[in-house]
Novice: 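Supplied in structure tokens, the structure appears directly below.
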Number of protein chains: 2
Amino acid sequence: MARLAGVSRATVSYVLNNTSAVRISEPTRRRVREAAKELGYVPHAAARSLRAGHSRMVLMPAPDFPVGPLYSRFLDELQWALGRLDYTVVQYGAVGVRGDEAARAWAELRPVAVLVPGSDLGTKGVTVLKRSGARAVVTLASESVEGAHALLLDHEAVGHCAGAHLYARGRRRIGVVVPEESGLESFSAPRLAGVRRALRGTDATVVELPLAYEESAAARLAARWRELGLDAVFAYNDEYAMLLMRALQDEDIDIPGHTAVIGADDLMLGRLLRPRLSTVHVELPSGRDLAELVDRAVRNPGAATETHTVLGASMVHRESS
Amino acid sequence: MARLAGVSRATVSYVLNNTSAVRISEPTRRRVREAAKELGYVPHAAARSLRAGHSRMVLMPAPDFPVGPLYSRFLDELQWALGRLDYTVVQYGAVGVRGDEAARAWAELRPVAVLVPGSDLGTKGVTVLKRSGARAVVTLASESVEGAHALLLDHEAVGHCAGAHLYARGRRRIGVVVPEESGLESFSAPRLAGVRRALRGTDATVVELPLAYEESAAARLAARWRELGLDAVFAYNDEYAMLLMRALQDEDIDIPGHTAVIGADDLMLGRLLRPRLSTVHVELPSGRDLAELVDRAVRNPGAATETHTVLGASMVHRESS
DNA sequence: TTGAAAGCGTTACCAC
DNA sequence: GTGGTAACGCTTTCAA
């Protein structure tokens, strides 16, 4: 778009950006708008941000494993809230690119802010991003990273909640399912650690139970259940709980009589099981709050990095424990 | 980055891009590389694509409703395959922006290709994208759009498969669950239509059953089940099937004796229900094939738009039907 | 009120 | 072999 309406490029820019500093005559405005519509003109984001020296793009790495409804809703809310603040959310999809290499790839897009779920970002990566112009880097993980704002997802508290509940219900030999699927370690490890902490100094014992999300794996685990001598199991989340519970029931193991089973995430499916599944309800951070944190950080990049602990965990006791 | 290593910007460009047309002395190369590393230099994608006149960005709108494991896996595979072809996949997150307005927002990023799941793109939108430089526009929906390549997701075939199966099992009064959640119409409507087609000209009847994904809604539907007089129900997908099946069982309705229940998508949870859930297995398009389609279209934008019907549907008969 | 021109970071092209 | 220069599309400053 340029001399299409018989005016200068500057005039076009003024009209389309509603620049209030200069006054353009109504007829000219109309001519520009009509020409723009007719030509199907769309501004060039790259040129704009190149000239401006910054963009309004908030970048997140696209998750590379199936995400549940919890995260979907969180993401939706976040996108909505950031959209209201005039940011554009972009999920960068690159599989197999990790750590600092990923940070460099993100930095090429010169996002104004970067949101990183998971612990795949080091101090080095934060430096690269900041030097490339990112005014805010926020991590969502169990541990904070130097130089970045942190939303500490306290998965450890989820495990603690589960462990304390099972202990209070009189269980003493407690299994903890740890998914074998990759990409889940950063969630499962702290959940296991939380159970351990809840039971430290008591007479209860904790047994780690690696489990792949397959019927056959669950059946194998259930087959040796009696010899394991467990009276309770915290199954990482509701889906693994459903998988294991079914396998245990197929082995005629009474739930919760012989073994208590609890999950986490409070998904719909837990309410549909029989016995109804006890679960740890997890409260993800509010998308609106996170959007405001990002906006604050962008407006004031010099401020100290904030660290918030989120992910409220509360027990939902139903019938399986 | 510019005169940091005491060389010209052009030389920097040559070194970092390994341009073979010109020969740069080894010492110079080293100096440039060192300076780049020291400064944490990262190339500016916007400047690059501005200069080049095109990018390697493939844009997809981020889904604004919870997606299942099927779609997650498809997306993962697609990102991997496009990554191998040196494209960068970006999911554009904007909630509440629809149709041509969304197309214009996407066009601002000047992606080389746009992949649109769902039927939210009109001929107008395709024109805007193409005029802005997109060399390939591919839709994944039930209907094709003029000017765009189309992967026809044949949800109608899913419904047909379900209807034919239930008829063959002797069922004649067939309910079809239609989710009330928004965003799912483009999947649920063709699935319902497929059931209708399968039973057209037979003595079977089809009853549409709107259902929200909530226990209470399912309970209300189950409470009036006997008066509905249905002997089978196709529940949109496995999750709705689980919801409804549980409600029916709570009403002491025998499955499959009194009512056959089938789902779709062949999720793990169907195998864990008792009775085991019959389901329509759905084959999403191969991410690799789609990546190749995109690449072909990008290399040869003039070629006629391709239309492929994907989404193979096949019945998985278990115990609930 | 409008237009001309500079400059953002890159890279292709041409002189040196 | 190397380095200057122009141009990509846009915004902004300054001059007309």
Side-chain angles (χ1 to χ4, degrees), chain A residues 1-33 35-36 39-57 86 88 104-112 128 131-135, chain B residues 1-33 35-36 39-57 88 104-105 107-112 128 131-135:
Chain A
M1 164 120 165
R3 325 86 237 184
L4 41 82
V7 302
S8 76
R9 283 150 28 202
T11 311
V12 171
S13 178
Y14 289 143
V15 173
L16 297 181
N17 290 297
N18 274 322
T19 307
S20 46
V22 282
R23 226 102 47 163
I24 311 281
S25 67
E26 224 8 89
T28 308
R29 300 186 102 93
R30 245 209 319 280
R31 241 181 333 142
V32 171
R33 291 225 180 83
L39 292 207
Y41 170 81
V42 174
H44 195 304
R48 192 208 297 272
S49 69
L50 183 58
R51 165 68 222 210
H54 57 85
S55 71
R56 299 285 291 175
M57 182 194 299
D86 200 34
T88 296
R104 211 164 315 126
W106 304 336
E108 292 194 5
L109 295 186
R110 296 295 191 277
V112 68
V128 169
R131 220 170 352 202
S132 79
R135 292 165 65 95
Chain B
M1 161 124 166
R3 344 56 261 182
L4 41 85
V7 301
S8 75
R9 283 146 35 199
T11 310
V12 172
S13 175
Y14 291 145
V15 173
L16 297 181
N17 290 296
N18 274 322
T19 308
S20 47
V22 281
R23 225 101 47 161
I24 311 282
S25 68
E26 224 7 90
T28 309
R29 301 184 99 94
R30 246 208 321 277
R31 238 179 338 138
V32 171
R33 291 225 179 82
L39 292 208
Y41 167 83
V42 174
H44 195 305
R48 195 204 293 269
S49 70
L50 182 59
R51 163 70 214 197
H54 60 260
S55 70
R56 299 285 291 175
M57 181 194 300
T88 296
R104 212 165 313 127
E108 292 195 4
L109 295 186
R110 296 295 191 275
V112 68
V128 169
R131 222 176 343 208
S132 78
R135 292 166 63 96

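Note that this is a predicted model, so its numbers are computed, not measured. Each chain gets a letter, A, B and so on, in the order its sequence line appears, and its residues count up from 1.
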Novice: In whole angstrom, what separates A:Arg30's CZ from C:dT1's P?
Specialist: 15 Å

Novice: To the closest 0.5 Å, what do you measure between OG (A:Ser132) and CD (A:Glu108)?
Specialist: 10.0 Å

Novice: Using rotation axes that map the C1' atoms of four end pairs onto the next four (five pairs an end), what angle separates the end axes of the helix from C:dT1-D:dA16 to C:dC16-D:dG1, to 10°?
Specialist: 50°

Novice: Can you name the nearest heavy-atom pair linking B:Val128 to B:Arg104, along with the distance?
Specialist: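 Looking at all heavy atoms of both residues, the shortest contact is CG1-CA, 4.2 Å.
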
Novice: Which whole-number value in Å describes the distance from A:Tyr41 OH to D:dG9 C1'?
Specialist: 7 Å

Novice: Would you say A:Thr11 reaches C:dT2's phosphate, i.e. side-chain N/O to OP1/OP2 under 4.0 Å?
Specialist: no

Novice: Go through the structure and list residues passing side-chain contact (heavy atoms from CB on, under 4.5 Å) with A:Ala105, not counting sequence neighbours.
Specialist: A:Tyr92

Novice: Taking atom C1' of D:dG9 as reference, at what distance in whole Å does atom CG of B:Leu109 sit?
Specialist: 15 Å

Novice: Could you go over nucleotides 5-8 of chain C and give all protein N or O partners under 3.5 Å, atom names and distances?
Specialist:
unit_1 : atom_1 : unit_2  : atom_2 : d
C:dG7  : N2     : A:Arg51 : NH1    : 3.1
C:dG7  : N3     : A:Arg51 : NH1    : 3.2
C:dC8  : O2     : A:Arg51 : N      : 3.3

Novice: How close do B:Arg48 and B:Pro43 get, heavy atom to heavy atom, and via which atoms?
Specialist: NH2-CB, 3.4 Å

Novice: To the nearest angstrom, how far is A:Arg56 atom CZ from D:dC10 atom P?
Specialist: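 That distance rounds to 20 Å.
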
Novice: Looking at OG1 of A:Thr11 and CZ of A:Arg31, how far apart are the two atoms once the value is rounded to the nearest 0.5 Å?
Specialist: 9.0 Å

Novice: How many Å lie between CZ on B:Arg48 and P on D:dG9, as a whole number?
Specialist: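 Between P of D:dG9 and CZ of B:Arg48: 18 Å.
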
Novice: Using side-chain contact (heavy atoms from CB on, under 4.5 Å) as the criterion, list what pairs up with A:Arg135, not counting sequence neighbours.
Specialist: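 Here the qualifying residues are A:Val112, A:Val298, A:Pro301.
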
Novice: Only counting residues at least two apart or in another chain, list the ones meeting side-chain contact (heavy atoms from CB on, under 4.5 Å) with B:Leu50.
Specialist: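 Once residues adjacent in sequence are excluded, the partners of B:Leu50 under the side-chain contact (heavy atoms from CB on, under 4.5 Å) criterion are A:His44, A:Ala47, A:Leu50.
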
Novice: Looking at residues at least two apart in the chain, or sitting in another chain, which of them share a side-chain contact (heavy atoms from CB on, under 4.5 Å) with A:Ala134?
Specialist: A:Val114, A:Leu129, A:Val137

